[in-house]
Amino acid sequence: MNIDIKIDSIFTISENIIAKDIEGQFMIVPLISGVGNLDEEMFQLNSTGSAVWDMLDGKTRLIDIVLHLSKEYEADHETIKKDVIVLIETLVEKKFIFKVT
Amino acid sequence: MMGDTQRLKISGQNFQRLITCVTEKDVCVTFKVTGKSMFPNIVNNDILTLVPYKDRIPEVGDVVGVINSDTSQVIVHRIIKKTDKQFLIKGDNVFKSDGFFLQKSIIGYICRIKRNKKNILINKLKNKRNAFLSQLRIFCLSKPLFYFNIIKY
């Protein structure tokens, strides 16, 4: 799947998922034809991933997410940018999120 | 790496929290079961589809997902008796029942069993018959006979 992700793109969370933080484990359960699959299709985010998830509000640009995380984690901007794009690609491919602009 | 898809294993209390979260939104859920307490009707690694009770009242014979308040775990057993407000739950292949549960502890009923990529049909008549056999402990008693048949052939 070829996904065109630009750093100024905006993404939002699909309605066909259920996300839950369970004791620090952020779980995403996809709803396939209205059925939650707890067997094979679950996806887990670490703390940085869930911080990205929280900002996928349909308003925040990816660049702003990267800047926020670089500041918050005092990490290299380029590394964060690369990681965020990889995560976004995966989430789009799984149809957990979609592009707004 | 911010996300992980590697076959996530979730069990016990965390599984209970997640399945409750899903069923509270009136959404069906599929999951894999382990154990022998419902043998031969449900076996190890069967994939079950659980439907939340929305407009339906639990009935004798239904195979249900119940939250055990002592362990906070989900058990999948059968309703074998019903009183005014409580339901007696028991595994088909165990002698002892799990006790009486209120409806609020029952998260849903099993509508489909998938075994080796094949769907096993569930119907009310079969459920009622199995509840009767479960009460009589027939499934537990039939175990030696089952093993005997395997050895025989």
Side-chain angles (χ1 to χ4, degrees), chain A residues 13-56 62 65-66 69 72-73 75 79-97, chain B residues 1-35 42-55 65 67 72-76 107-119 122:
Chain A
I13 295 164
S14 162
E15 286 179 357
N16 293 320
I17 60 108
I18 290 175
K20 176 94 175 159
D21 192 331
I22 299 169
E23 287 183 356
Q25 292 185 339
F26 193 86
M27 314 293 295
I28 303 170
V29 180
L31 301 180
I32 301 163
S33 306
V35 178
N37 190 333
L38 299 190
D39 177 35
E40 288 174 339
E41 305 290 336
M42 277 196 301
F43 191 79
Q44 188 177 20
L45 296 178
N46 64 16
S47 58
T48 330
S50 68
V52 174
W53 183 267
D54 289 341
M55 286 184 274
L56 298 172
L62 288 189
I65 295 175
V66 172
L69 292 178
E72 176 116 3
Y73 293 94
T79 314
I80 294 269
K81 183 179 157 187
K82 208 172 125 192
D83 282 356
V84 167
I85 287 178
V86 169
L87 177 69
I88 296 294
E89 275 173 354
T90 313
L91 294 174
V92 171
E93 203 177 308
K94 290 188 164 292
K95 297 179 181 157
F96 292 167
I97 61 169
Chain B
M1 189 79 171
M2 296 178 177
D4 191 7
T5 43
Q6 298 301 312
R7 214 164 161 79
L8 302 172
K9 280 215 166 186
I10 181 163
S11 57
Q13 203 172 9
N14 285 350
F15 177 78
Q16 181 255 309
R17 285 179 186 168
L18 194 60
I19 198 168
T20 308
C21 168
V22 177
T23 52
E24 272 172 1
K25 293 181 195 293
D26 281 336
V27 170
C28 300
V29 64
T30 59
F31 57 97
K32 192 179 268 185
V33 283
T34 53
I42 296 173
V43 302
N44 217 16
N45 292 327
D46 275 356
I47 296 167
L48 310 181
T49 304
L50 181 137
V51 186
Y53 281 108
K54 214 172 10 177
D55 311 316
I67 297 168
S72 292
Q73 289 189 334
V74 177
I75 47 174
V76 176
I107 52 173
Y109 64 94
I110 303 303
C111 75
R112 195 172 70 168
I113 302 168
K114 204 171 179 184
R115 187 178 302 159
N116 301 327
K117 293 179 182 172
K118 283 181 186 167
N119 288 321
I122 294 179

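Everything quoted here is computed from the prediction, not taken from an experiment. In the text below, chain A, chain B and the rest are named by the order of the sequence lines, each starting its count at 1.
- Looking at every heavy atom in both residues, A/Ile18 comes nearest to B/Cys21 through CG2-SG, 3.7 Å.
- With sequence neighbours left out, the side chain to side chain donor-acceptor pair (under 3.5 Å) criterion links B/Arg17 to A/Glu23.
- Both the backbone and the side chain of B/Ile19 have a heavy atom closer than 4.5 Å to some heavy atom of chain A.
- Between B/Leu18 and A/Met42, some side-chain heavy-atom pair lies under the 4.5 Å cut-off.
- Distance check: B/Thr49 OG1 to A/Asn37 CG gives 9.0 Å after rounding to the nearest 0.5 Å.
- Residues satisfying the side chain to side chain donor-acceptor pair (under 3.5 Å) criterion with A/Ser47, sequence neighbours excluded, are absent altogether.
- Of the atoms belonging to A/Val52, it is side-chain heavy atoms, and not backbone ones, that fall under 4.5 Å from chain B.
- Taking CD1 of A/Ile32 as the reference point, atom SG of B/Cys28 lies at 13.0 Å (rounded to 0.5 Å).
- Heavy atoms of A/Val35 lying under 4.5 Å from chain B belong to its backbone as well as its side chain.
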